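Structure first, commentary second.
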Amino acid sequence: MLASLGKIENPTTRSIVAATTTFSAVAIASAVIIGFSKPKDETAHKFAVYGSLIAAVGGAALGFVTKQENPSQSSVAKSNRESTQQKIPQDSSTWQNWRNFIVARKVQESEEITSFYLQPEDGVRLPDFKPGQFLTIKLDIPGKDKPVIRTYSLSDYTNEGQYYRLSIKREPAPKDLDVPPGIASNFMHDNIHQGSVIPAKPPNGKFFLDVNKSLPAILISNGVGITPMMSMAKACSLVTNSQKHIWFVHGARNGDFHAFRDSTKALAQENPNIHLHTRYSRPRSQDEGSYDSVGYVDSDLIQNLIVPKIENVCSSSEAEYFLCGSPPFLESLITGLKEIGISEDKIFYESFGGGVKSITKNTKADKSEEGNNSAEIIFAKSGKTLTWQENDGTILEFAEANGIDADYSCRQGICLTCMCKLNGGEVEYEEPPTGTPDEGSVLICVSKPKSSRIELDL
């Protein structure tokens with residue numbers, strides 16, 4: 001009976017049915033008993049009537065409170081719970097290989113830069129990352145015999161783990177060079193839209209800011225180099241009761257090429273420990289009020305304007321310097337910072353668009369002290385045989401310095417873009433790479449010659 005009542009959704013109807021059923025059952029039972037035992041006893045008849053009424057009231061109450069879960073709803077709920085439990089791993093940080101992301105939003109940030117908001121297709125919360133790190137993505141581009149792998153800095157930071165943001169500059173063809181425009185960046189701008197699916201690997205990279213350090217940080221960027229700085233500044237603004245001061249110095253051509261202008265202003269308004277200085281190289285009349293000085297961001301700006309402000313606010317000029325931008329920008333700025341007395345161990349940088357070889361190259365005096373380790377490198381496809389010295393850096397840096405065009409992306413042994421077949425000799429890695437090259441191939445972005453002679457299919 002209870003099972004049958006439970007299928008009736010309306011509680012009033014359940015009460016009436018239960019009352020009628022119990023009244024009838026008790027009345028029939030009483031009539032049978034009285035008919036056989038005391039058919040003429042009036043007291044027995046009254047007892048039967050009262051008993052039936054009491055049973056009806058009790059039945060109504062029972063019917064009102066009885067509610068069995070709908071079997072179909074129960075199975076669906078159970079199925080959803082089981083599906084969710086199967087779908088969500090115990091620890092989202094176990095993500096190690098490619099994982100599909102859906103482009104949730106596509107936003108133009110400036111004349112050249114567009115942001116792509118990526119949400120995980122599986123709906124699982126994203127692991128945290130260190131502000132300044134990059135994301136490795138894989139693109140299936142028509143006309144390419146294999147996927148194109150690229151790394152782009154994460155340009156936002158949240159505590160929610162719902163999305164990652166990549167802000168990518170459309171790379172035009174270099175002037176006066178017979179080289180095509182950036183394949184991946186142009187494909188992203190022209191062919192990737194809301195709803196597109198992009199595989200990505202977990203965030204990685206050694207260029208990041210420790211938000212828990214109290215030492216002031218100076219973030220210096222130009223152009224698209226602003227992207228990791230946005231992540232760093234945003235992360236610092238989310239740290240509760242943080243006393244860390246941030247000086248955010250950015251250079252752009254003018255307002256059309258200044259990405260995240262409003263976002264950085266909003267950050268500074270919300271967090272008094274974030275200090276902004278924007279320099280335009282070619283400002284227009286309509287840019288009035290959007291920049292602080294005219295020219296290029298250089299060491300003179302840092303020495304004459306930023307350092308005095310740091311001393312005034314923090315009672316000390318000691319700070320860490322984080323730089324990101326084009327190779328010429330970095331080479332000039334780092335050299336200048338060293339000349340004004342900034343220690344090399346306080347300068348951290350990431351290059352967009354190529355290596356920054358001159359920064360790490362030792363002087364002749366250093367070279368004589370370290371010894372003259374060398375190797376002969378044969379670049380088979382380029383038809384060049386060159387002598388590599390210990391202070392020439394990685395094989396990739398050496399190739400770039402000698403006009404040899406080599407593919408690369410992350411420059412940290414992760415994405416495999418620089419993978420090159422080793423025809424002879426041995427190489428050694430500065431540290432074990434994250435990516436695993438094909439058998440007989442090496443990652444030239446993080447390797448140096450181990451034997452006195454090597455031959456590369458490059």
Side-chain angles (χ1 to χ4, degrees), residues 130-134 151 153 169 205-210 213 215-233 245-253 275-279 281 293 295-311 316-367 369-370 389-394 396-401 408 410-412 430 445-446:
K130 297 174 182 178
Q133 290 187 312
F134 59 76
T151 57
S153 294
K169 176 187 175 184
K206 302 171 185 175
F207 179 71
F208 58 84
L209 175 70
D210 185 349
K213 270 190 178 181
L215 197 64
I218 295 87
L219 315 180
I220 310 174
S221 59
N222 76 338
V224 71
I226 194 173
T227 53
M229 307 310 188
M230 289 298 301
S231 175
M232 292 179 181
H245 282 271
I246 300 290
W247 272 265
F248 196 150
V249 183
H250 181 65
R253 186 185 309 174
H275 316 275
L276 303 180
H277 187 95
T278 301
R279 173 166 276 196
S281 60
S293 61
Y296 293 96
V297 174
D298 54 20
S299 58
D300 287 341
L301 171 66
I302 305 302
Q303 181 181 25
N304 299 324
L305 185 63
I306 305 303
V307 171
K309 289 184 177 180
I310 297 173
E311 292 176 337
S316 171
S317 61
E318 187 178 6
E320 291 182 324
Y321 292 76
F322 294 84
L323 287 58
C324 190
S326 61
F329 166 77
L330 294 179
E331 290 175 2
S332 173
L333 188 57
I334 295 178
T335 299
L337 290 177
K338 289 181 179 180
E339 290 175 351
I340 65 174
I342 306 301
S343 174
E344 187 173 350
D345 63 359
K346 291 292 190 293
I347 301 175
F348 308 91
Y349 66 89
E350 184 155 81
S351 172
F352 283 178
V356 192
K357 183 176 183 305
S358 66
I359 297 172
T360 58
K361 190 171 183 178
N362 298 324
T363 63
K364 291 183 179 179
D366 293 334
K367 181 177 174 181
E369 292 175 4
E370 293 184 2
Q389 304 288 349
E390 178 65 33
N391 63 344
D392 284 327
T394 65
L396 174 61
E397 292 173 332
F398 182 62
E400 290 174 331
Y408 68 88
C410 71
R411 307 182 78 92
Q412 298 189 55
E430 296 176 318
C445 73
V446 287

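Reckoned from all heavy atoms, side chains included, excluding hydrogens, waters and symmetry mates. Quick caveat: nothing in here was measured; it's all calculated off a predicted structure.
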Could you grab the distance from atom [atom1] of [X] to atom [atom2] of [Y], nearest 0.5 Å is fine?
{"X": "Asp300", "Y": "Ile306", "atom1": "CG", "atom2": "CD1", "answer": "12.5 Å"}
{"X": "Glu430", "Y": "Thr394", "atom1": "CD", "atom2": "OG1", "answer": "6.0 Å"}
{"X": "Phe134", "Y": "Gln412", "atom1": "CZ", "atom2": "CD", "answer": "4.5 Å"}
{"X": "Ser317", "Y": "Ile218", "atom1": "OG", "atom2": "CD1", "answer": "9.0 Å"}
{"X": "Cys324", "Y": "Leu330", "atom1": "SG", "atom2": "CG", "answer": "7.0 Å"}
{"X": "Ser293", "Y": "Asn304", "atom1": "OG", "atom2": "CG", "answer": "11.5 Å"}

Please assess Ile302 against Ile342 for the test side-chain contact (heavy atoms from CB on, under 4.5 Å), listing each intermediate value before the final yes or no. CA-CA 11 Å; Ile302 305 302; Ile342 306 301; over 6 Å; no

Quick one: list whatever passes ring pair (Phe, Tyr, Trp, His ring centres under 6.0 Å) with His277, sequence neighbours left out.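 Per chain and number, His277 pairs via ring pair (Phe, Tyr, Trp, His ring centres under 6.0 Å) with no residue.
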
Residues two or more places apart in sequence or in another chain: which of them pass ring pair (Phe, Tyr, Trp, His ring centres under 6.0 Å) with Phe348?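 Scan of Phe348 (ring pair (Phe, Tyr, Trp, His ring centres under 6.0 Å), adjacent residues dropped) gives Phe322.
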
Does any non-hydrogen side-chain atom of [Y] lie less than 4.5 Å from one of [X]?
{"X": "Ile310", "Y": "His245", "result": "no"}
{"X": "Lys338", "Y": "Ile347", "result": "yes"}
{"X": "Leu323", "Y": "Leu337", "result": "yes"}
{"X": "Met232", "Y": "Phe207", "result": "yes"}
{"X": "Val249", "Y": "Arg279", "result": "no"}

Kindly determine whether Phe329 and Ile220 satisfy side-chain contact (heavy atoms from CB on, under 4.5 Å), including the steps that lead there. CA-CA 10 Å; Phe329 166 77; Ile220 310 174; 3.9 Å; yes

Which residues pass the side-chain hydrogen bond (donor to acceptor under 3.5 Å, both in side chains) test with [X], sequence neighbours left out?
{"X": "Thr151", "result": "Ser409"}
{"X": "Lys309", "result": "none"}
{"X": "Gln133", "result": "none"}
{"X": "Lys213", "result": "Glu320"}

Dump the intermediate steps for side-chain contact (heavy atoms from CB on, under 4.5 Å) on Lys346 and Glu318, then the final yes or no. CA-CA 9 Å; Lys346 291 292 190 293; Glu318 187 178 6; 3.9 Å; yes

Lys206: partners by salt bridge (charged side-chain N to carboxylate O under 4.0 Å, His left out), with sequence neighbours left out: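 Here the qualifying residues are Glu431.
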
Does Glu311 have any salt bridge (charged side-chain N to carboxylate O under 4.0 Å, His left out) partners at least two apart in sequence or in another chain, and if so, which?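 So Glu311 forms no salt bridge (charged side-chain N to carboxylate O under 4.0 Å, His left out) with any residue.
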
Which atom pair, heavy atoms only, marks the closest approach of Gly132 to Ser231?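 Here Gly132 and Ser231 meet closest at N-OG, 3.6 Å.
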
Non-neighbouring partners of [X] that pass side chain to side chain contact (heavy atoms under 4.5 Å, CB included), sequence neighbours left out:
{"X": "Ser221", "value": "Ile226, Met229, Phe248, His250"}
{"X": "Arg253", "value": "Phe257, Ser281, Arg282"}
{"X": "Thr278", "value": "His258, Tyr280, Tyr291, Asp292"}

Stepwise side-chain contact (heavy atoms from CB on, under 4.5 Å) test for Val297 and Asn222: CA-CA 8 Å; Val297 174; Asn222 76 338; 5.8 Å; no

